[in-house]
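Below: the structure, in structure tokens.
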Number of protein chains: 2
Amino acid sequence: MKTYTIRQMSRQTGLSVHTLRYYENIGLIHAVGRDASGYRAYSEADVGWLQFLLRLRATGMPVSEMKRFAEWRSLGEATAPDRLDMLEAHRLRVEEKIRTLEGHLERIREKIGHYRELVRGSDPAPPD
Amino acid sequence: MKTYTIRQMSRQTGLSVHTLRYYENIGLIHAVGRDASGYRAYSEADVGWLQFLLRLRATGMPVSEMKRFAEWRSLGEATAPDRLDMLEAHRLRVEEKIRTLEGHLERIREKIGHYRELVRGSDPAPPD
DNA sequence: GCTTGCGTTCGAGCGCGCTCTAACGTGTAG
DNA sequence: CTACACGTTAGAGCGCGCTCGAACGCAAGC
């Protein structure tokens with residue numbers, strides 16, 4: 001069974017080694033294996049889990065909530081409904097966030113339109 | 001010419017009065033008028049500007065960048081091209097961000113699908 | 001066997017964007 | 001004239017999510 005050092009893990013996930021240890025400390029990553037000399041030995045499953053965590057982070061889930069999720073996960077399948085609820089709530093928030101961003105984006109485009117006119121209008125010596 | 005107290009402004013924008021003063025301190029809002037007793041008297045233009053600032057914030061522009069924009073704005077029309085450039089760069093970032101979020105969202109939906117199966121499968125006594 | 005490099009823990013520090021406190025001035029109602 | 005709400009400033013403090021430093025251990029090459 002292939003394992004990864006913390007450095008390899010850092011490269012795989014883009015997280016710093018500091019952050020990897022931090023995530024473990026605060027309970028986001030549970031029970032990372034150790035090799036003979038006490039070094040962390042991450043499994044493939046850990047890679048997948050971290051990538052999932054990063055997805056949650058990237059979509060704006062607060063670390064505190066990710067912690068709850070991680071806790072439930074470590075408690076086994078009985079908590080699957082709770083995790084499902086959390087994910088669905090999160091999905092709604094992300095969908096809402098995208099809609100909001102799209103609204104803002106449209107207004108920013110309008111603003112850019114105004115600026116384009118302004119800049120074009122005040123250009124010294126327009127071509128033709 | 002209608003003006004607003006800081007409290008009215010707070011209600012209009014959703015920013016706290018603390019934050020309104022903070023924004024002024026750090027240079028995001030320039031030259032707010034004062035009434036006879038030294039109280040801030042925000043103009044309609046200030047409202048519009050703040051709403052624009054909030055749009056930039058909500059789309060993830062860092063305050064430091066907003067400061068540069070505000071500075072340029074206070075320097076007059078000559079800086080319009082700079083502001084246009086900044087807005088276009090920002091627009092690209094927002095568009096990219098939305099795409100990224102949509103990608104993550106899709107994977108989260110898949111995860112939810114897996115959880116639904118898991119939860120459904122382990123349900124005690126499913127109906128029919 | 002010593003250097004070099006990667007690993008360990010624990011705890012302090014930091015950057016961002018606010019948020020709040022203290023001490024004090026203003027203005028209207030009773 | 002007093003109460004009380006609302007305003008002012010300068011500056012300290014905070015919550016989040018890392019990020020880094022100090023002091024130390026293990027291991028592979030010269």
Treat primed atoms plus P, OP1 and OP2 as sugar-phosphate and everything else as base, then score nucleotides 6-13 of chain C 5' to 3': B for base contact with protein heavy atoms under 4.0 Å, S for sugar-phosphate contact only, - for none.
-> BSBB----

Each nucleotide of nucleotides 18-24 of chain C classed B (base within 4.0 Å of a protein heavy atom), S (only sugar-phosphate) or -, in 5' to 3' order, makes BBBB---

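For A:R55, the salt bridge (Lys or Arg N to Asp or Glu O under 4.0 Å) test picks out no residue, with sequence neighbours left out. Contacts of B:F52 classified as ring pair (Phe, Tyr, Trp, His ring centres under 6.0 Å), with partners at least two apart in sequence or in another chain: B:W49, B:F69. Residues passing the side-chain contact (heavy atoms from CB on, under 4.5 Å) test with B:S16, sequence neighbours excluded: B:H18, B:T19. Considering only residues two or more places apart in sequence or on other chains, B:P62 meets the side-chain contact (heavy atoms from CB on, under 4.5 Å) condition with B:S64, B:E65. Under the salt bridge (Lys or Arg N to Asp or Glu O under 4.0 Å) criterion, B:R91 pairs with B:E95, not counting sequence neighbours. Residues satisfying the salt bridge (Lys or Arg N to Asp or Glu O under 4.0 Å) criterion with B:R116, sequence neighbours excluded, are A:E88. By the salt bridge (Lys or Arg N to Asp or Glu O under 4.0 Å) test, B:R11 pairs with no residue at all, sequence neighbours left out. With sequence neighbours left out, B:S37 forms a side-chain contact (heavy atoms from CB on, under 4.5 Å) with B:D35, B:Y39.
Under the 6.0 Å distance and 45° angle rule, A:K2 counts as a cation-pi partner of A:Y4.
Residues A:V94, A:I98, A:L105, B:V94, B:I98, B:L101, B:L105 make up the rest of the hydrophobic cluster containing A:L101, defined by ILVMFWY side-chain heavy atoms closer than 4.5 Å, directly or through other members.
In 5' to 3' order, the nucleotides of DNA chain D bounding all contacts with chain B (an atom under 4.0 Å from a heavy atom) are D:dC6 to D:dT9.
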